[in-house]
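Structure, as structure tokens:
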Amino acid sequence: MTGIRLNAPAPGWAIEADVVVVGSGVAGLTAALRCAAAGLSTVVVTKARLDDGSTRWAQGGIAAALGEGDTPEQHLDDTLVAGAGLCDEEAVRTLVTEGPDAVRRLIATGALFDTDPDSGEIELTREGGHHRRRIAHAGGDATGAEISRALVEAVRDAGLRTIENALVLDLLMDADGRTAGITLHVMGEGQHDGVGAVHAPTVVLATGGMGQVFSATTNPAVSTGDGVALALRAGAEVSDLEFVQFHPTVLFLGTDSEGQQPLVSEAVRGEGAHLVDASGTRFMLGQHELAELAPRDIVAKGIMRRMQEQGADHMYLDARHFGAEMWEQRFPTILAACRAHGIDPVTDPVPVAPAAHYASGGVRTDLHGRTTVPGLYACGEVACTGVHGANRLASNSLLEGLVFAERIAEDIAGAPREAGRPVLPETPSPLPLIAPEARAEIQRIMSHGAGVLRSAESLAAASAALETVHLNAVRATREGSGKTAEPGVESWETANLLCVARVLTAAALRREETRGCHWREDRPQRDDASWRHHLVVTLTPERRLVVRQTEGTAFPPTSRSTVPETIPPTVLDAPREP
Ligand code: SIN
């Protein structure tokens, strides 16, 4: 227990449950449904509406060895290659072997995937890094929306208790340092209002990603790293945060464009679209045997290199040869998004550039989704199960959410716990509030210094700039001057963004090599001799971020509470009083 908390009022109301699931994407709702089916009293807490998380935006689909001739072993091979030497093989094996049945259970829950009109079999497409057609999709390019619809409907049918429009604040713990629930803030009118608590011996974090830490991202506005920041404050280990995946083909809307940007799914390339420069040259040919369908990091780097060589701010995705009918039937969502921005993919190449898309790292878990804090679980993008390594294989994330959510529910149901009484830390240590105005500044610092291309110099500058944001906030709070922040959703979110930005930058600075989606201009080679291990970060009660290094790539199969140190820990400058 670190005693570190967000600066928030004490809870004014409380409810009881066996399990509280925070987040309502594929991972959260699957975990909640399975816990409820096992007879556990379950509450789902979500930041916006039940169907507003990242899952809804997933286009391409869900990868699983469902096709004739495909095997979990081949899916494993592709996942390990994409992960660039850092996947935990046992975790990947769990994913690919349990994946196909998990997808079948999702279908049984009500999700409707696209099928071949003649055979009735599920239609499968290809995406980057997959050597065969393995991606099931729904509504053409609206897979996440369909999965979300089916799961939300199932949650409503099952009569689960849900609290919408609620930002999770902190983990509650009992006197033995075990999970005892959460504090949360409900926005607006309803059954509950303001800061409250859900008392529960088990908490499942399924809060999604942290894409909003960058200026341009495919992630929705709710993806502010709340789960990772909460877990750090609770003393949990966080791993692999330096591996941020930048999706290669995001609709380019101008260099100043900020916030959530429309995704142009890899499935468009999977169906035969070409990446070209302004002169129409296919620049990925010859760079990788899979050309435009190389793993995502390689395509993102290919695009960035070409942009640098040509002084351009974007490249193009050319799929005019699909024709209007295919665009309308197979990619209706992307077609509509492009047309809404004045681009018609039927007649024009689509301008694209990489943007932040997926956090391959997160809260460190074992194969049952347990974090290093007893009673705290994590699944989906917020978690680091070891499946993704240094770069997630396309469309593995929905599958990871499904498979590990089911494992979590099984683990919880197998060993139900009594609720401990929440105790407040003896020395509560609230973090300074960060004024919402700092959000755009944090995003600019991160995009500039810790984006697709990084170097020791850019990361050190980003780190120093983030420290200044923090110190200004402390000074403003102490002196009541400048942009003093009031407790509230925006300032809590901004504090979370600053926290994850600092950790991400620290880990990226520390990893002195290029691997997967971590691209260091000053260290362009992958260095297996020195760097084939994970960086694990914890926050100490003294508010120090400690970065440690694991022995090899495997996550220990059972307790993660002790990480062998192969190098002396790096103690970063803690958030301190100026
Ligand atoms: C896409 O459709 O390109 C995104 C799929 C993913 O991120 O896995």
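Remember, it's 1-based here, ligands and their atoms both numbered in the order they're listed. Quick note: residue numbers are just sequence positions, from 1.
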Quiz item: Is there a donor-acceptor pair closer than 3.5 Å between any side-chain N or O of Thr514 and the backbone N or O of Trp519?
Solution: no
Exercise. Output the set of protein residues with a heavy-atom contact under 4.0 Å to ligand 1, ordered first by chain identifier and then by residue number.
Key: Gln59, Gly60, Glu127, His247, Leu263, Ser265, Glu266, Arg296, His357, Arg392, Ala394, Ser395
Self-check item: Side-chain touch Lys47/Thr224, heavy atoms, less than 4.5 angstrom
Solution: yes
Self-check item: Side-chain heavy-atom pair Arg444, Arg439 within 4.5 angstrom cut-off
Solution: no
Quiz item: With distance as the sole criterion, is a donor-acceptor pair present between the side chains of His357 and Thr218 under 3.5 Å?
Solution: yes
Quiz item: So, are Glu292 and Arg282 salt-bridged, with charged N and O less than 4.0 Å apart?
Solution: yes
Quiz item: So His314 and Phe252, would you call those rings parallel, tilted or perpendicular, with 30° and 60° as cut-offs?
Solution: parallel
